[in-house]
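What follows is a short report on a single structure.
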2 protein chains.
Amino acid sequence: MVTLAEVAQHAGVSASTVSYVLSGKRSISAGTRQRVEQSIQELGYHPNAGARALASSRSNIIALMVPLRTDMYVPVMMEIAIAVATSARTHGYDVLLLTGEEGPDAVRRVTGSGLADAMILMDVELDDERLPLLRGTDQPSVLIGLPADTSGLTCVDLDFGATGALCAEHLAMLGHRDIAVIGEAPAVYERHTGFAERTLDGLRSRSRELGLRVLHRPCEGGYDSMSLTLARIFDERPGTTGFVVQNESAVEPLLALLRQQSRAVPEDVSVIAICPDQVATQASVRLTSVAIPAQEMGRRAVEQLIAKLEGHGKDEVVLLAPELTVRASTGPAPATS
Amino acid sequence: MVTLAEVAQHAGVSASTVSYVLSGKRSISAGTRQRVEQSIQELGYHPNAGARALASSRSNIIALMVPLRTDMYVPVMMEIAIAVATSARTHGYDVLLLTGEEGPDAVRRVTGSGLADAMILMDVELDDERLPLLRGTDQPSVLIGLPADTSGLTCVDLDFGATGALCAEHLAMLGHRDIAVIGEAPAVYERHTGFAERTLDGLRSRSRELGLRVLHRPCEGGYDSMSLTLARIFDERPGTTGFVVQNESAVEPLLALLRQQSRAVPEDVSVIAICPDQVATQASVRLTSVAIPAQEMGRRAVEQLIAKLEGHGKDEVVLLAPELTVRASTGPAPATS
DNA sequence: ATAGGTTGTCGAAGCGCTTCGACTCCGTCG
DNA sequence: CGACGGAGTCGAAGCGCTTCGACAACCTAT
């Protein structure tokens, strides 16, 4: 293993000079810089991470806490994780992957040991038990998701309230009067992850303004569950012509069941999905959808974090504006019989 | 920040004693140990990761390199990643998330800087450019996936050859004669990730023995692509009654198209999927499938790695035996007309 | 010409931990 | 009863890096 000292010797300068060449924290003459860089190349020098962390008390590592559950939004999580890792690298940081399993202890461990300089938390619950810890430490952190009380925290998330409203507007504009929301699994609501409720709230209040009637039904996803849910919806509101689906694993079942019941999409019923674009475009009907901008969320979270690490960067809530893309699954409401 | 020295002072012992209590590398009297542990508790001490890494030249971090592509097998990747993180923790290691983006440079960076003690690579190509580097370093590594030349490497993977054979056997046993393989996207074959070829080889050679006729068609996934592929298959081999699908995003389209063409599953055609159990059980027909044991793969990879880090642990290829679960999508071949 | 700045470089002091050798204290064995 | 060895503890020497103050050399302004 090549050390700083060896590079220094090889270049005929002192160790501190090499360090300053690397960090750029003091001015170095062009000649010296070149000689040092040459030596670094020739010797294949890589600074030792541990030593660096010890001396500078900065690890250049960001911790990312992902939920342990692999039952929900998996592609979205993955995409966020990868976006986080990728953009962290462009800022010179590496990413440490923590699973939710350890819970608050992980936060303690990481902040206490200086393993990471900052952290990003995903899958935040409305009243997350990790929040007090975050507030109590001076280690910067960013949440992806929105807890009930955001004071003193920085959060990045899709504006799910606006998303719900957007769906309502689109369906209202097309003349639909009775719409149904196929929600996430009941467990998601019980866990109070928030985003599902926020979507619903936004959708409901905009619907009220627009005169839409809304029926909300959580749904586990999968065919059997969807079948049951759909039956109950048409039972209660036979005139339902618009669907908003916020559960990836219910999308395809819904389309199949509608087909089976000879309800044409979009002639008889319209469907809007809240899902990643990839899902919307790969479905059996190209779906009108509000995209979940996973990449952007990851990137923004990192940017916020870096800003905090660099000193400028305030606690703020960044809500990404939803965008509705019209594809082939929504159309004018059928003429009322 | 609490340091070792402060703990030592608080407990009335020397710093080295505290260190030995923590590491257990020398015997400590019960009384002293207790006093030290008490002090650690009271002061809320967490050893500094950087200092520890510097002094011991071990970071207790495992690097995990995931592919950058988010287009394929995402849930599987995620599940593996989480399994890796979780089991690494049980062995006292944390996981550093690297994306494939940096390529071989990431390997150099990590091994050179001592950021991680070992690494796990996913999505290994047959002739991966990172392999020479791995062979040339003494840092332990494990691959998830199988390159062409495994000499000097440790690999963990599902035995895709046996998987293919298993599919052939099951369909042959049910009396099918003409089967089609819906493969991964052409890009996967071009990239030579290997697993797709291995499946096909295993399936073909067993089919030869059993007298099955096999037609293989890569498929992008999605409805349009699947529709085209299916049409061509029935065109060329109208008597096809068995399908083996190795492309998650082709499963649902295939089922929908078969339904649309009034070919009943499993009465007219049988379908076997090679996919995670979750996909198999959530599909519109409960699918007979060979599971991709993501969790197990992650766990085994970590175990191999830990073994190497602890000194015992040889280069070996661990192939997990495939298991076929019969569900509702396969049945006896229809009587020949 | 002299005081005052710049600019570029160096030496040395740590950062918090691990680990090696040394030392003390006892119990044990010949 | 003295030599011996194990158990338990300590001191000190680093691990490889950053960073601070010092200093020489040079360049302006007065």
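By convention in this document, chain letters (A, B, ...) are assigned in the order of the sequence lines, proteins followed by strands, and residues within each chain are numbered from 1. In what follows, every heavy atom counts, from backbone to side chain, and hydrogens, waters and symmetry copies are set aside.
Tested against A:Val124, the residues A:Leu143, A:Ile144, A:Thr150 include a single side-chain contact (heavy atoms from CB on, under 4.5 Å) partner, A:Leu143. With A:Lys308 as reference, A:Asp315 is the one residue of A:Asp138, A:Asp117, A:Asp315 to meet the salt bridge (Lys or Arg N to Asp or Glu O under 4.0 Å) rule.
Shown here are the side chain to side chain contact (heavy atoms under 4.5 Å, CB included) partners of A:Thr137, two or more places apart in sequence or in another chain: A:Thr111, A:Gln139. For the ring-ring contact (aromatic ring centres under 6.0 Å, His included) test, no residue two or more places apart in sequence or in another chain qualifies with B:Tyr93.
Annotation: side chain of B:Phe195 is not in contact with side chain of B:Leu158 (no heavy-atom distance under 4.5 Å).
Remark: B:Asp128 CG to B:Leu146 CG distance equals 12.0 Å, nearest 0.5 Å. Between B:Asp159 atom CG and B:Leu320 atom CG the span is 8.5 Å, to the nearest 0.5 Å.
No donor-acceptor pair closer than 3.5 Å links the side chain of A:Ser19 to the backbone N or O of A:Ala15.
Side-chain proximity of A:Ser27 to D:dG8, D:dC10, C:dG8: nearest is C:dG8.
Distance CD (A:Gln9) to C1' (C:dC10): 15 Å, rounded to an integer number of Å.
Between C:dT7 and A:Ser29, no contact under 4.0 Å exists linking OP1 or OP2 to a side-chain N or O.
When the local axes at the two ends of the helix from C:dA1-D:dT30 to C:dG30-D:dC1 are compared, using 5 base pairs at each end, they differ in direction by 40° after rounding to 10°.
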5' to 3', nucleotides 15-24 of chain D under a 4.0 Å protein heavy-atom cut-off (B base, S sugar-phosphate only, - none) gives BBBBBBBB--
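Residues of residues 108-115 of chain A having a heavy atom closer than 4.0 Å to DNA chain C: none are found.
Closest approach of B:Ser113 to A:Pro47, counting heavy atoms only: CB-O, 3.3 Å.
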Distance-only donor-acceptor pairs under 3.5 Å for side chains of residues 96-103 of chain A, two or more places apart:
from: A:Glu102; atom 1: OE1; to: A:Arg109; atom 2: NH2; distance (Å): 3.1
from: A:Glu102; atom 1: OE1; to: B:Arg89; atom 2: NE; distance (Å): 3.3
from: A:Glu102; atom 1: OE2; to: A:Arg109; atom 2: NE; distance (Å): 3.1

